[in-house]
Every structure is written in C-alpha cells, then in structure tokens.
Protein chains: 2
Amino acid sequence: MAKKPIELGEAELAVMRALWEGGPQTVRDVMNRLHERGRAVAYTTVLTFLSRLEQKGVVASNKRDTAYVYRAKISRQSVTVSRIRTLVDQLYDGAATPVLLHLIENERFTPDEIAQLRKLIDDLDARESG
Amino acid sequence: MAKKPIELGEAELAVMRALWEGGPQTVRDVMNRLHERGRAVAYTTVLTFLSRLEQKGVVASNKRDTAYVYRAKISRQSVTVSRIRTLVDQLYDGAATPVLLHLIENERFTPDEIAQLRKLIDDLDARESG
DNA sequence: CCCCGGCTACTACGGTTGTCGTAGCACAAG
DNA sequence: CTTGTGCTACGACAACCGTAGTAGCCGGGG
C-alpha cells in the first residue's frame with residue numbers, strides 16, 4: 001500500500017501552511033493569515049480551498065458556534081517527503097543523489113546547519129556499515 | 001533579473017527527458033522513446049507537447065528534410081534547481097535545511113554516495129570558513 | 001497521374017487550480 | 001419584527017495540462 005502522492009497547488013499549500021502554523025482555525029482566520037503573508041484572496045476563495053482540501057481528505061472540519069473550524073490532517077513533513085519523492089522520480093527516475101547535490105550546491109547553509117548535516121551523514125554511515 | 005521559474009507538468013517533463021537523454025530528435029523519435037519508457041501517448045500528443053514547450057521557450061526546432069528536429073533549450077540541471085527552489089520556497093519560505101534533512105532521511109544512498117556527500121560538505125565547510 | 005504514408009496545423013475536451021460572486025440562512029441588535 | 005452581519009452552499013470562469021482527432025500538404029511508388 002504505497003501511499004498515494006499528495007498533490008497540492010501553490011495556493012492550496014499556502015492554505016495548508018496557515019493551518020500548520022496557526023493550528024485549527026476558521027475560514028476567516030486563515031484568510032487573515034494569508035493576508036498577513038501578502039496573499040490578497042477573497043473570503044470565498046479561502047472557503048473554496050478549504051472545502052476542496054477537505055474533499056481531498058487533507059483537512060477536516062467541525063462546527064464550533066456559528067463557524068466551522070478547520071484543521072490539517074496531514075503534516076508538513078509528509079507533504080515535503082511526497083514532493084521530494086515526486087521531484088526525484090520525475091527528474092531522475094528515483095535517484096536522489098543528483099537532487100541532493102543540487103540542493104547543497106545551490107542553497108545557502110549556516111555553519112550550524114552544516115554541522116547538523118555532517119552529523120546526520122555520520123549517522124547514515126554508521127547505519128549503513130553497522 | 002531573477003530568472004522566472006520554469007514550470008513544467010509531469011508529461012512535459014517526460015518529453016524534456018526524452019530530449020535530454022536522446023539529444024535533438026523528431027516528434028516520432030520522442031514518441032518512440034516515451035513508448036519505451038511505458039508512456040503510451042499518441043503521435044499528435046507528443047507534437048502538442050513539443051509545440052507548447054517551444055511556445056514556453058524551453059525547446060527549439062528546425063526543419064531537416066521533411067520533419068522538424070526538436071532540441072532542449074534548457075538543461076535538466078536548471079529544471080532541477082528551479083523545482084527545488086520552488087519546493088523550498090513554498091514549504092519553508094526558502095529555508096533549505098528542512099528539505100535537505102528530509103531528503104537525506106527518506107531516500108536511500110550507497111556508501112559511495114555518502115562518501116561523495118561528505119566530501120561536498122567538507123568543501124562547503126572550507127568555503128564557509130575560508 | 002493518382003494514391004499512400006508521414007508530417008504539421010488546428011481544434012477540441014475533460015480535469016484541476018486559482019479566483020470570485022451571489023444567494024440564502026441564522027443570530028444579535030435595534 | 002426588521003435589518004444587518006457574518007457564515008456556508010453553489011455556481012462560474014479562465015488558464016493550464018494531458019490527451020487526442022481531423023484536415024490538409026507533400027513527396028515517392030505504382
């Protein structure tokens with residue numbers, strides 16, 4: 001049972017982020033959050049997204065008082081992993097290394113992050129050879 | 001002049017891969033290549049994709065004999081980098097580290113690849129502190 | 001000379017994504 | 001009771017993506 005890939009568009013992702021970062025919220029809350037992030041969408045647009053996301057099974061809602069409160073049913077991690085997998089599959093037939101190398105070469109990292117990275121590699125190495 | 005992100009769908013990407021892997025080709029060549037890869041698309045479908053990709057400026061064509069020969073104008077590397085960038089931006093506001101960590105934790109690497117990776121980190125480190 | 005096979009051009013169409021508008025319901029304020 | 005203020009439901013629409021059919025051109029074989 002390979003979990004089916006979670007396909008979300010950019011705007012849908014922005015809505016998911018609002019839920020991830022702010023916890024369960026109403027439509028209006030999400031909208032405000034999007035506005036704060038510079039995304040000027042109408043109230044009904046947000047409602048549409050939340051409904052569609054619920055259809056897709058990635059958010060859930062329950063009514064509290066007058067309005068529905070929506071919450072994410074999937075984690076940012078799972079979406080990240082899914083997106084990476086898709087990228088790797090579509091561009092390199094599943095070979096992750098080229099993507100990894102590009103990532104390291106083209107993005108900026110702080111010394112701390114580099115240290116963290118090195119440690120992770122050591123762990124990997126140990127696991128591999130241990 | 002930040003280069004605009006290259007947005008390609010999955011099937012478009014499959015066509016690009018045919019060009020990357022087989023060099024300049026005719027529509028028929030690309031179609032055969034897709035068929036070999038298990039993608040049963042009609043001739044005209046391939047033609048449509050190549051035309052659209054040319055519209056987008058990512059492939060070019062010139063007529064040789066009776067048929068047009070298409071070639072990729074952008075590299076697989078540039079697409080990779082662009083996709084990574086988009087992913088990182090959309091999910092973590094540009095912070096690459098979480099994505100990197102997920103990639104390392106969830107994909108498989110051979111000892112050779114790990115060694116290569118470690119070397120790259122050392123380079124990074126040297127560049128950073130040097 | 002006429003048809004056949006391959007090639008391009010044009011059109012089409014359903015699904016998804018991003019974006020709203022409008023209508024209608026329910027509750028609080030006057 | 002009437003009105004306004006949210007909130008939800010439903011419909012709409014353009015752009016883009018995946019996919020393909022049809023028409024029409026052109027050169028080679030009979």
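Naming: A, B, ... by sequence-line order, numbering from 1 per chain. Any value given below was found using the heavy atoms of this structure, including those in side chains, with hydrogens, waters and symmetry copies removed.
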- NZ/NE/NH1/NH2 to OD/OE distance under 4.0 Å, A:Asp29 and A:Arg33: no

- Atom NZ of A:Lys63 with >12 non-hydrogen neighbours under 6.0 angstrom: yes

- Output yes when A:Glu7 and A:Lys56 qualify as a salt bridge under the 4.0 Å nitrogen-oxygen rule, no when they do not. no

- Heavy-atom side-chain contact between B:Arg37 and A:Asp93 under 4.5 Å: yes

- Note on the structure: In whole angstroms, the gap separating P of C:dG21 from CG of A:Leu47 amounts to 14 Å

- Side chain to side chain, B:Leu100 and A:Leu117, heavy atoms closer than 4.5 Å: yes

- Where each residue is assigned the nucleotide of DNA chain D containing its nearest heavy atom, which of A:Thr26 and B:Glu7 is assigned the position nearer the 5′ end? A:Thr26

- Using five base pairs at each end, measure the axis-to-axis angle across the helix from C:dC1-D:dG30 to C:dG30-D:dC1 and round it to 10 degrees. 30°

- Ignoring hydrogens and geometry, is there a side-chain-to-backbone donor-acceptor pair from B:Arg76 to A:Leu91 under 3.5 Å? yes

- Using a strict cut-off of less than 4.0 Å between a Lys/Arg side-chain nitrogen and an Asp/Glu carboxylate oxygen, indicate whether A:Arg118 and A:Asp122 qualify as a salt bridge. no

- Message: Expressed as a whole number of angstroms, how long is the span from A:Glu12:CD to C:dT16:P?
- Response: 11 Å

- Message: At a heavy-atom distance below 4.0 Å, what parts of residues 49-68 of chain A sit against DNA chain C?
- Response: A:Phe49, A:Arg52, A:Lys56

- Message: Check whether B:Gln90 reaches the backbone of A:Leu13 with its side chain - one donor and one acceptor, N or O, closer than 3.5 Å.
- Response: no

- When all nucleic acid strands are considered with a 4.0 Å heavy-atom cut-off, which category describes B:Thr48: base, sugar-phosphate, or nothing? base

- Message: Counting only heavy atoms and a strict 4.0 angstrom limit, can you tell me which residues of residues 27-46 of chain A come near DNA chain D?
- Response: A:Val27, A:Arg28, A:Tyr43, A:Thr44

- Query: Do A:Gln116 and B:Thr97 meet the criterion of a side-chain donor-acceptor pair at a distance under 3.5 Å?
  - Reply: no

- Do any N or O atoms from the side chain of A:Ser82 and from the backbone of A:Ile6 form a donor-acceptor pair under 3.5 angstrom? yes

